[in-house]
Amino acid sequence: MIERIPELPAYAARVLDALEAAGFEAWVVGGWVRDALLGSASHDVDVCSSAPWRDAEQALRAAGLAVHETGTQHGTVTAVSDGKPVEVTTYRVDGEYSDARHPDSVRFVTDVREDLARRDFTINAMAYHPERGLLDPYGGEADLAAGLVRAVGDPRERFDEDALRVLRAVRFAARYGFSVEQATHEALAEFAPRLAFIAQERIGQELTGIFATGRMAWALESERDVMVAAIPELAELVGFAQNSRYHDRDAFAHTAAVVGGMETVTAGCANDAMRWSALLHDIAKPACYSEDIAGHGHFFGHPELGADIAKRIMRRMAIPTEVIRETCALIKLHDYPVTEKTRSIRRTLMRCEELCPGRGTALAFELLDLKRADALGKAPHCWSYCSELDGVSAALRREVHAKAPLSVRDLAVNGGDVIRERGLAPGPGVGAVLQGLLSAVVEDGVPNTRDALLELLRLD
Ligand code: ATP
Ligand code: MG
């Protein structure tokens with residue numbers, strides 16, 4: 001199957017040649033080899049070599065390449081070949097791991113097979129050389145063909161060394177639509193709690209990576225223990241019965257269905273905030289649960305509390321501020337009633353603009369997608385709400401087209417007009433009058449024209 005590997009790009013071949021001309025051995029390793037076997041060679045090229053980094057640097061410079069010392073403590077330098085960076089790392093094995101993540105030391109070795117043995121999954125533990133072909137001591141090619149993520153060696157040891165691999169396994173399986181091999185899967189569940197030792201920021205990056213595959217729903221359903229360990233707040237949703245006629249599954253299964261629903265309704269093009277909001281929209285349901293005398297469950301206040309919990313989770317994971325803001329706004333509004341009526345649409349736009357200044361319109365469309373996804377995660381009799389939302393979308397488009405005002409900035413009059421017409425001094429009083437005009441436009445259908453608003457100012 002080696003002939004299936006696309007040609008190594010010339011810039012990368014130059015790096016191998018430079019190292020081998022100086023008497024060392026060099027191979028392309030990791031992601032490029034994996035993706036090349038899958039027929040997509042768009043990946044960065046990483047090289048490993050028998051050359052100690054100082055010798056590698058010298059050999060690369062001698063061949064006319066620029067070299068940067070990007071990680072010499074682990075034996076890595078970066079060559080720049082035809083303007084493209086190629087990382088070159090000395091064959092190495094990891095020492096003891098005492099913190100569930102970083103080896104206490106690395107030891108440089110002379111055999112590439114030892115270097116491959118320290119890598120996480122068989123599909124990531126292959127090396128390739130244009131003349132010597134594929135070096136695949138752990139059966140990575142067969143696992144690629146079978147669609148399996150399998151740890152190199154004993155999975156329990158590998159997850160014990162570095163708990164981040166637990167999430168990497170899920171990310172790679174999600175990315176390619178693979179399954180996790182049985183022994184690896186069992187070890188995942190056993191070692192998932194060790195994610196508690198991993199930096200929250202790294203967990204956030206892996207979760208963002210899993211979202212980007214579009215298969216977060218699969219991850220939640222198939223590797224639940226890992227996902228709950230990554231976000232411990234999800235634990236309370238598992239098995240949480242909603243006692244509601246709208247729901248036919250527990251809160252966790254509903255959440256997974258909404259996450260999947262979001263991919264369906266957006267054809268896989270949701271942004272990060274839409275994806276996070278699908279995952280966390282009901283996170284506060286257990287905390288807000290109450291039962292009426294008929295035994296029906298209610299969740300008063302869960303959108304607001306959910307937004308607070310989401311903010312806490314996402315901040316600790318160092319998710320970008322704009323993504324957090326938008327996610328929290330969507331969670332806060334996910335049960336906000338929106339109808340086709342002009343007033344309802346304008347109110348929603350205004351609320352969206354208040355929560356995400358400058359993004360109100362986009363947020364309103366995202367909110368309708370969250371509502372669609374949410375409906376798809378409920379009992380079948382709720383699914384028809386999606387077609388009602390089509391009417392709401394059309395009405396929203398109409399209002400946006402008609403330039404419905406989102407904030408006082410969009411009114412046909414400004415603070416100067418208020419000061420002049422009302423004889424007010426500049427200050428907060430002016431803002432309050434403008435807010436009153438905005439509400440007259442949104443709530444009472446007063447046209448947003450200069451004449452109509454000036455008349456209103458003179459009347460009051
Ligand atoms: P991606 O397309 O996500 O970048 P990749 O395979 O290049 O995929 P990297 O995280 O860039 O993944 O790592 C490069 C290689 O280093 C991997 O293919 C794997 O062989 C090895 N590797 C990376 N992280 C680990 C880890 N935590 N434990 C063991 N091996 C790892
Ligand atoms: Mg990479």
Side-chain angles (χ1 to χ4, degrees), residues 9 12 27-49 70-71 74-76 78 84-97 99-107 109 112-128 134-141 143-144 149-178 184 187-188 191-192 194-195 197-199 201-215 219 226 230:
W27 297 82
V28 174
V29 274
W32 189 88
V33 184
R34 178 192 69 224
D35 288 347
L37 282 165
L38 286 171
S40 65
S42 57
H43 207 278
D44 310 337
V45 179
D46 293 319
V47 166
C48 71
S49 157
T70 46
H74 339 102
T76 303
T78 300
K84 299 197 181 58
V86 177
E87 279 196 2
V88 176
T89 303
T90 311
Y91 300 155
R92 57 169 232 231
V93 292
D94 298 330
E96 286 290 301
Y97 286 78
D99 69 350
R101 171 73 186 116
H102 302 100
D104 300 333
S105 59
V106 299
R107 184 163 57 80
V109 294
V112 65
R113 287 165 188 268
E114 282 189 77
D115 182 288
L116 295 177
R118 72 163 172 96
R119 293 173 185 270
D120 46 8
F121 307 111
T122 60
I123 58 173
N124 289 345
M126 293 179 277
Y128 172 73
L134 186 70
L135 181 62
D136 178 20
Y138 303 102
E141 190 179 18
D143 284 338
L144 275 182
V149 171
R150 180 198 307 268
V152 170
D154 178 351
R156 301 178 68 251
E157 271 173 33
R158 308 321 307 280
F159 296 137
D160 190 28
E161 287 164 354
D162 176 2
L164 187 67
R165 291 173 184 158
V166 163
L167 270 178
R168 285 174 58 88
V170 175
R171 175 164 61 83
F172 282 111
R175 176 158 156 191
Y176 300 114
F178 284 9
T184 305
L188 280 182
F191 285 87
R194 294 174 67 87
L195 283 172
F197 297 104
I198 300 294
E201 187 172 348
R202 286 296 290 115
I203 291 183
Q205 288 166 0
E206 289 296 326
L207 293 176
T208 301
I210 295 172
F211 272 129
T213 69
R215 292 203 182 89
V226 173

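Numbers for residues simply follow the sequence, beginning at 1. Both ligands and their constituent atoms are indexed starting at 1 by order of listing. It should be emphasised that the depicted structure is a prediction, and the values quoted were computed from it without experimental measurement. Computed over heavy atoms, backbone and side chain alike; hydrogens, waters and symmetry mates excluded.
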Mark up the atoms of ligand 1 that fall under 4.0 Å of a heavy atom belonging to [X], in ascending order.
X      : result
Arg165 : 26 (C), 27 (N), 28 (N), 29 (C)
Arg118 : 29 (C)
Gly30  : 18 (O)
Arg171 : 3 (O)

Would you check if [X] and [Y] make a side-chain contact, meaning some heavy-atom pair closer than 4.5 Å?
X      : Y      : answer
Glu161 : Asp94  : no
Leu135 : Met126 : no
Asp99  : Phe197 : no

Salt bridge [X]-[Y], side-chain N to carboxylate O under 4.0 Å:
X      : Y      : value
Arg202 : Glu206 : yes
Asp35  : Arg175 : yes
Arg158 : Asp120 : no

Nearest-neighbour protein heavy atom for [atom], which is reported as residue plus atom name and distance:
atom                    : result
atom 30 (N) of ligand 1 : Asp120 N, 3.2 Å
atom 3 (O) of ligand 1  : Arg175 NH1, 2.9 Å
atom 2 (O) of ligand 1  : His43 NE2, 2.5 Å
atom 14 (C) of ligand 1 : Asp46 OD2, 4.2 Å
atom 8 (O) of ligand 1  : Arg34 NH2, 3.2 Å
atom 16 (O) of ligand 1 : Arg119 NH1, 3.4 Å
atom 27 (N) of ligand 1 : Asp162 OD2, 2.9 Å

Relative to the ring of Phe172, is the ring of Tyr176 parallel (under 30°), tilted (30 to 60°) or perpendicular (over 60°)?
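Rings of Tyr176 and Phe172: parallel, as their planes differ by under 30°.
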- request: Ignoring hydrogens, tell whether any protein atom lies closer than 4.0 Å to atom 11 (O) of ligand 1; use the non-hydrogen atoms only.
  value: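 So atom 11 (O) of ligand 1 lacks protein heavy-atom neighbours under 4.0 Å.
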| Within less than 4.0 angstrom of ligand 1, does Arg158 place any heavy atom? |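 Heavy atoms of Arg158 never come under 4.0 Å of ligand 1.
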Mark the output for Leu164 as yes if a heavy-atom distance to ligand 1 is under 4.0 Å, and as no if none is.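 No.
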Exercise. So Val29 and Arg119, side chain to side chain contact (heavy atoms under 4.5 Å, CB included) or not? Walk me through it.
Worked result: CA-CA 10 Å; Val29 274; Arg119 293 173 185 270; 3.8 Å; yes
Practice item. Please step through side-chain hydrogen bond (donor to acceptor under 3.5 Å, both in side chains) for the pair Tyr138 and Asn124, ending with a clear verdict. Key: CA-CA 10 Å; Tyr138 303 102; Asn124 289 345; over 6 Å; no
*asked:* Quick one: does any side-chain atom of Thr184 pair with a main-chain N or O of Ala151 as donor and acceptor, under 3.5 Å?
replied: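 Looks like yes, one N/O pair under 3.5 Å.
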- Query: Which one of Met126, Arg101, Arg168 has a non-hydrogen atom at the shortest distance from atom 17 (C) of ligand 1?
  - Reply: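 Closest candidate by heavy-atom distance is Arg168.
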